[in-house]
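A note on names: the letters A, B, ... follow the listed sequences, proteins ahead of strands, and every chain is numbered from 1. Only this structure's heavy atoms are used, side chains among them; waters, hydrogens and symmetry mates stay out.
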There are 2 protein chains.
Amino acid sequence: MVKARHSRFDCTPGCSVEAAIGLIDGKWKSIILWHLLSGTLRFNEIRRHMQNCTPRMLTNQLREMEEDGLITRKVYAQVPPKVEYSLSDLGRTMEPILRALKTWGDENIGLYGKPVGHDPRDTA
Amino acid sequence: MVKARHSRFDCTPGCSVEAAIGLIDGKWKSIILWHLLSGTLRFNEIRRHMQNCTPRMLTNQLREMEEDGLITRKVYAQVPPKVEYSLSDLGRTMEPILRALKTWGDENIGLYGKPVGHDPRDTA
DNA sequence: CATGACAGTATCCTTTTCGACACTATGTGC
DNA sequence: GCACATAGTGTCGAAAAGGATACTGTCATG
């Protein structure tokens with residue numbers, strides 16, 4: 001999340017857009033949510049989906065999303081530990097956003113993270 | 001934007017989601033885009049919509065989005081200067097995303113930037 | 001002559017985010 | 001008795017993002 005953006009969100013009609021984004025930016029959140037759309041996952045299962053995310057970061061992002069009520073965390077009192085993450089009802093309501101992002105990305109983003117037509121290969 | 005996230009986006013199916021977000025995070029981008037949906041705006045018109053955005057930040061965000069091809073910048077050789085910003089065709093394709101975010105935000109975000117049901121007034 | 005509007009720049013500084021790396025506890029399998 | 005898997009935590013430091021403030025040049029207006 002890019003800092004606290006506003007303390008209140010009644011300023012202008014655009015603010016709820018920003019507020020919504022505020023919950024899903026952060027370097028890994030959108031990806032985590034995306035993967036959780038397909039079902040419950042354990043901590044290390046998520047890690048394996050995102051090879052270069054350190055456990056510290058993953059914990060961070062998961063905790064923040066849990067606080068925001070987007071995901072739920074279920075701990076099994078076992079050894080070795082087992083913790084399952086899944087979308088909450090609220091989290092599931094984000095599906096349209098995630099899908100819109102995915103669709104747009106698939107259509108408009110090249111393999112290098114820039115919109116097509118602005119492909120760095122052109123100048124590199 | 002939260003740093004360069006990946007250099008390539010063919011890693012996992014979730015990456016295009018992240019790539020798409022990468023283009024619209026940054027503290028003011030989503031709001032700017034939202035306002036531009038209603039039509040072309042001049043620099044200071046945008047500023048007036050976002051009272052606590054410094055000119056430096058605004059220039060920053062506008063330049064980045066211009067580089068990403070989301071908006072176009074039209075300079076009129078006049079004095080006093082006149083510069084108009086508007087959505088590019090690519091930018092306009094983001095409308096579904098922006099609307100999804102707006103809808104979700106309106107339905108789920110309280111006045112304090114947290115999802116409803118997690119309202120800080122409960123504890124404050 | 002001073003002021004204001006316009007669209008920015010320049011410089012400095014603080015805050016936030018992210019990454020590397022090491023480390024925890026416990027039970028199972030070898 | 002050693003390593004491995006699980007789900008993390010702790011500390012440190014670098015990099016990036018963002019904020020505050022002052023400044024630019026030109027023309028029109030008062």
Side-chain angles (χ1 to χ4, degrees), chain A residues 1-7 11 15 18 21-32 35-36 40-68 71-86 113, chain B residues 1-7 11 15 18 21-32 35-36 40-68 71-86 113:
Chain A
M1 176 128 97
V2 184
K3 279 198 174 178
R5 297 175 185 232
H6 300 293
S7 47
C11 42
C15 280
E18 196 198 9
I21 287 203
L23 297 176
I24 58 177
D25 68 3
K27 188 156 181 181
W28 305 99
K29 290 188 184 176
S30 53
I31 302 194
I32 296 171
H35 287 302
L36 287 181
T40 297
L41 290 173
R42 300 178 56 175
F43 187 84
N44 277 350
E45 286 175 330
I46 301 178
R47 274 196 78 188
R48 277 188 283 270
H49 279 295
M50 303 172 326
Q51 219 54 36
N52 36 16
C53 178
T54 62
R56 198 185 70 90
M57 274 312 295
L58 184 51
T59 309
N60 252 359
Q61 307 277 294
L62 289 168
R63 291 290 196 281
E64 284 186 23
M65 291 196 290
E66 198 192 350
E67 260 191 55
D68 290 335
I71 62 176
T72 52
R73 179 165 174 272
K74 188 170 178 185
V75 183
Y76 293 81
Q78 296 182 357
V79 168
K82 175 178 176 183
V83 180
E84 284 183 347
Y85 292 92
S86 42
Chain B
M1 175 126 102
V2 184
K3 277 196 176 180
R5 297 176 185 233
H6 299 295
S7 47
C11 43
C15 280
E18 197 198 9
I21 287 203
L23 298 176
I24 58 177
D25 68 4
K27 189 155 180 182
W28 305 98
K29 290 188 184 177
S30 53
I31 300 193
I32 296 171
H35 287 302
L36 287 181
T40 297
L41 289 173
R42 299 177 58 173
F43 188 83
N44 278 349
E45 286 176 331
I46 301 178
R47 273 195 79 188
R48 278 189 282 270
H49 278 297
M50 302 170 328
Q51 217 53 36
N52 36 16
C53 178
T54 62
R56 196 185 72 91
M57 275 312 295
L58 184 51
T59 309
N60 251 0
Q61 306 277 293
L62 289 169
R63 291 290 196 281
E64 283 186 24
M65 290 195 291
E66 197 191 350
E67 259 191 57
D68 290 336
I71 62 176
T72 52
R73 179 165 175 271
K74 188 172 179 184
V75 183
Y76 293 81
Q78 297 181 356
V79 167
K82 176 177 175 183
V83 180
E84 285 184 347
Y85 292 92
S86 42

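The interatomic distance linking A:L41 (CG) with D:dT6 (C1') rounds to 15 Å, in whole Å. A straight line from CD1 of A:I46 to P of D:dT6 spans 13 Å, rounded to a whole angstrom. With rounding to whole Å, B:R47 atom CZ is found 10 Å from C:dA7 atom P. The separation between B:Q61 atom CD and C:dG8 atom C1' is 15 Å, rounded to whole Å. Across the protein-nucleic acid pair, B:E66 atom CD and C:dG8 atom P stand 9 Å apart, rounded to whole Å. Nucleotide C:dA20 holds its C1' atom 14 Å from the CG atom of A:N60, rounded to whole Å. Regarding A:F43, its CZ atom lies at a distance of 13 Å from the C1' atom of D:dA5, rounded to whole Å. Across the protein-nucleic acid pair, A:L58 atom CG and C:dG19 atom P stand 12 Å apart, rounded to whole Å.
In this structure, B:H49 and B:H35 have parallel ring planes: the angle between them is below the 30° cut-off, well short of the 60° mark.
The local environment of NZ in B:K74 is sparse, with at most 12 non-hydrogen atoms from other residues, nucleotides or ligands closer than 6.0 Å.
Atom CH2 of B:W28 and atom CG of B:L62 lie 12.5 Å apart (nearest 0.5 Å). Summarising the geometry, atom CD1 belonging to B:I21 is positioned 9.0 Å from atom CD1 belonging to A:I31; distances are rounded to the nearest 0.5 Å.
Distances shorter than 4.0 Å separate some side-chain N or O of A:R73 from OP1 or OP2 on D:dG8. Applying the 4.0 Å criterion to OP1 and OP2 of C:dG19, one finds that A:W28 has a side-chain N or O inside that range. Put simply, B:K82 has no side-chain N or O that comes within less than 4.0 Å of OP1 or OP2 on C:dA5. Contact check, A:R48 against D:dA7: no side-chain N or O comes under 4.0 Å of OP1 or OP2. Listed pair A:R63 / D:dT9 meets the phosphate criterion, a side-chain N or O lying under 4.0 Å from OP1 or OP2.
Nearest heavy atom pair, residue A:E18 against residue B:S30, reads CA-OG, 3.8 Å.
Taking 4.5 Å as the limit, every side-chain heavy atom of A:I71 sits out of range of all side-chain heavy atoms of A:R73. A 4.5 Å side-chain heavy-atom check between A:L58 and A:I32 finds at least one atom pair inside the cut-off.
Contact annotation for A:Y85: backbone-only contact, meaning every heavy-atom pair under 4.0 Å involves sugar-phosphate atoms and none involves a base.
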With 3.5 Å as the limit, what N/O pairs link the protein to nucleotides 20-30 of chain D?
unit_1, atom_1, unit_2, atom_2, d
D:dA20, N6, B:R56, NE, 3.2

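Residue B:M57 has its side chain nearest to D:dG19 when only D:dG8, C:dC18, D:dG19 are considered.
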